[in-house]
Amino acid sequence: MIVKIEELLKEVEGLQASDMKEVEALRIKFLGKKGAVNELMANFRNVPSEQKKEVGMKLNELKTKAQNKINALKEQFESQEEDFDELDLTRSAYPIKLGTRHPLSIVRNEIIDIFSRLGFCIAEGPEIEDDWHVFSALNFAEDHPARDMQDTFFIESHPDILLRTHTSSVQTRVMEAAQPPIRIICPGRVYRNEAISYRAHCFFHQVEALYVDKNVSFTDLKQVLLLFAKEMFGADTKIRLRPSYFPFTEPSAEMDISCNICGGKGCPFCKHTGWVEILGCGMVDPNVLDANGIDSKIYSGYALGMGIERVTNLKYQVKDLRMFSENDTRFLKEFEAAY
């Protein structure tokens with residue numbers, strides 16, 4: 001019997017199974033009512049008295065090892081079943097390549113970070129707006145070209161409801177609800193009825209800033225613009241302001257920066273001028289302040305606005321605006337080291 005037990009011990013040590021069905025078959029073979037261990041137990045009474053102690057110890061060892069081995073196999077398959085239950089069977093069977101942070105998000109966050117350090121808070125508003133907040137409250141004349149269907153997406157059943165053409169509508173909502181001092185930055189998506197091409201799109205992204213308080217001057221605006229340009233494009237960046245016109249600011253200006261590719265020496269990107277246009281700005285028109293419930297005799301302010309796509313192009317030289325909205329992970333992979 002000792003020899004038989006030794007053979008079974010070796011067999012137990014090498015037990016393997018491919019599924020729970022095989023584990024159960026092994027349990028029956030070794031530990032079942034008619035299994036090998038119970039058969040040896042039944043024959044134990046025929047063992048000579050002088051061998052009973054040794055055989056009994058070996059028999060107990062066999063039973064213990066068989067139970068432990070079968071329990072271990074059972075736990076192995078039970079844990080595999082639990083892991084399988086946690087799988088998302090709706091996922092693709094092949095690895096999906098992931099992209100990175102979108103370049104527009106990278107630049108947007110950089111702009112917000114710069115203005116946040118200057119004390120500006122983020123303000124947001126609805127993308128579906130009314131005529132008052134987008135145009136009338138910002139001193140747009142009734143016959144202003146921006147109201148034309150060629151520029152603006154109007155809701156057909158509600159002529160006064162439209163998709164905002166700029167984030168200045170957020171500024172009007174803030175001015176209506178709060179009194180100065182107001183220092184906000186308004187990032188968001190805007191819409192214009194334009195043909196889609198490599199240089200234009202029907203939607204794009206803007207960041208606008210507004211500061212209203214007592215004794216705000218154009219000098220304050222210029223200093224903020226210079227600091228922003230140096231933080232965004234490098235310490236050697238220079239700026240220049242050119243007179244311009246916007247309905248909601250007076251005086252108004254457009255700001256150029258020294259070309260960050262050629263350093264202002266002239267190249268094809270800056271059309272050999274050494275300068276690249278980046279944003280529009282100006283002092284808030286008193287009519288806008290009064291229309292939004294702020295006394296223009298006491299308060300003054302400045303506003304500025306820029307296209308995030310424009311700034312992104314200046315930083316990364318993306319040639320085709322359509323690439324920003326195509327969600328091509330190959331394009332996004334190019335910006336892995338940008339944040």
Side-chain angles (χ1 to χ4, degrees), residues 102-115 117-118 120 151 165-168 185-190 192 194-210 218-246 248-249 251-283 302-325 331 334-335 337-339:
H102 197 283
L104 295 180
S105 297
I106 296 171
V107 173
R108 174 184 180 272
N109 291 342
E110 287 184 38
I111 296 172
I112 291 174
D113 178 66
I114 293 170
F115 280 95
R117 285 186 269 125
L118 295 173
F120 287 78
D151 294 321
T165 58
H166 47 204
T167 54
S168 301
I185 183 171
C186 314
R189 179 179 290 185
V190 298
R192 293 183 187 174
E194 297 184 8
I196 298 175
S197 67
Y198 75 96
R199 58 181 298 176
H201 213 294
C202 62
F203 71 86
F204 54 98
H205 301 79
Q206 284 187 338
V207 175
E208 299 193 20
L210 172 71
F218 202 95
T219 302
D220 300 320
L221 170 61
K222 184 178 179 180
Q223 187 61 37
V224 166
L225 294 175
L226 180 61
L227 188 147
F228 167 74
K230 289 181 177 293
E231 288 286 317
M232 178 59 71
F233 298 103
D236 296 331
T237 304
K238 298 178 182 179
I239 68 170
R240 73 175 183 183
L241 297 171
R242 294 178 287 105
S244 186
Y245 167 75
F246 302 110
F248 35 83
T249 53
S252 302
E254 290 186 2
M255 187 184 90
D256 302 330
I257 63 168
S258 53
C259 181
N260 60 322
I261 296 177
C262 65
K265 297 178 181 179
C267 67
F269 185 79
C270 63
K271 299 179 181 178
H272 301 284
T273 64
W275 298 93
V276 181
E277 179 188 337
I278 182 175
L279 57 82
C281 60
M283 300 301 294
Y302 62 72
L304 61 97
M306 69 192 83
I308 299 179
E309 281 84 350
R310 179 65 171 168
V311 179
T312 306
N313 280 338
L314 291 174
K315 286 182 69 71
Y316 302 120
Q317 287 86 55
V318 178
K319 304 298 183 183
D320 192 336
L321 281 178
R322 292 170 293 190
M323 297 182 71
F324 289 130
S325 56
F331 170 66
E334 298 177 15
F335 300 90
Y339 63 96

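None of these values were measured; they are calculated from a predicted model.
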Original post:
At their closest point, which heavy atom of T167 faces which heavy atom of P187, and how far apart are they?
Top reply: CG2-C, 4.4 Å
Subject >> Rounded distance (nearest 0.5 Å) linking atom CD of E208 with atom SG of C186 >> reply: 6.5 Å
Original post:
Are E110 and K315 within salt-bridge range, i.e. N to O under 4.0 Å?
Top reply: yes
Original post:
After noting the C-alpha distance and the side-chain angles of T237 and F228, does the key distance pass the side chain to side chain contact (heavy atoms under 4.5 Å, CB included) rule?
Top reply: CA-CA 10 Å; T237 304; F228 167 74; over 6 Å; no
Original post:
Are Y316 and V107 close enough, and set up right, to give a side chain to side chain contact (heavy atoms under 4.5 Å, CB included), and what steps lead you there?
Top reply: CA-CA 10 Å; Y316 302 120; V107 173; 3.8 Å; yes
Original post:
Does the pair D256/R240 count as a salt bridge with the N-to-O cut at 4.0 Å?
Top reply: yes
Subject >> I112 side chain near V207 side chain, heavy-atom distance below 4.5 Å >> reply: no
Original post:
Can you find a heavy atom in the side chain of F335 that is under 4.5 Å from one in the side chain of V318?
Top reply: yes
Original post:
Is the F218-Y302 ring centre distance short of 6.0 angstrom?
Top reply: no
Subject >> K230 atom NZ, neighbour heavy-atom count above 12 within 6.0 Å >> reply: yes
Original post:
Given the rule in the side chain to side chain contact (heavy atoms under 4.5 Å, CB included) test, do V276 and R310 qualify, once you have shown the distances and angles that lead to the verdict?
Top reply: CA-CA 10 Å; V276 181; R310 179 65 171 168; 3.3 Å; yes
**OP:** Nearest 0.5 Å please: distance from the CE atom of M306 over to the CE atom of M255.
**Re:** 7.0 Å
Subject >> Side-chain touch I308/Q206, heavy atoms, less than 4.5 angstrom >> reply: no
Subject >> Spacing of CD1 belonging to I114 relative to CZ belonging to F120, to within rounding of 0.5 Å >> reply: 12.0 Å
Subject >> I111 vs M232 side-chain heavy atoms within contact, under 4.5 Å >> reply: yes
Subject >> Within-4.5 Å side-chain heavy-atom neighbours: L321 and N313 >> reply: yes
**OP:** Kindly indicate whether the side chain of H166, heavy atoms from C-beta on, has any atom under 4.5 Å from the side chain of R192.
**Re:** yes
Subject >> Taking every non-hydrogen atom, the tightest pair across L225 and C281 >> reply: CD1-SG, 3.7 Å
Original post:
How far does OG of S325 sit from NE2 of H205, to the nearest 0.5 angstrom?
Top reply: 9.0 Å
**OP:** Could you tell me whether a side-chain N or O of D113 sits under 3.5 Å from a main-chain N or O of N109, the two making a donor and an acceptor?
**Re:** no
Original post:
So W275 and I257, side chain to side chain contact (heavy atoms under 4.5 Å, CB included) or not? Walk me through it.
Top reply: CA-CA 6 Å; W275 298 93; I257 63 168; 5.6 Å; no
**OP:** Report yes if some heavy atom in the side chain of F233 is under 4.5 Å from a heavy atom in the side chain of S258; otherwise report no.
**Re:** no
Original post:
Could you give the distance from OG (S197) to CG (D320), rounded to the nearest 0.5 Å?
Top reply: 8.0 Å
Subject >> Within-4.5 Å side-chain heavy-atom neighbours: F324 and E309 >> reply: yes
**OP:** Might you point out which heavy atoms bring L314 and Q317 nearest each other, and give the distance in Å?
**Re:** O-NE2, 2.9 Å
Original post:
Roughly how far apart are Y245 OH and E254 CD, rounded to 0.5 Å?
Top reply: 13.5 Å
Original post:
What is the minimum heavy-atom distance between C202 and E194, and which atoms define it?
Top reply: CB-O, 4.0 Å
Original post:
For T165 and D151, which heavy atoms make the closest approach, and how far apart are they?
Top reply: CG2-O, 4.2 Å
Original post:
Using 30° and 60° as the class limits, which term best fits the ring planes of F246 and F248: parallel, tilted or perpendicular?
Top reply: parallel
Original post:
Can you tell me if T249 uses its side chain to pair, donor with acceptor, with the backbone of M283 under 3.5 Å?
Top reply: no
Original post:
Which atom pair, heavy atoms only, marks the closest approach of L279 to G305?
Top reply: CB-O, 3.2 Å
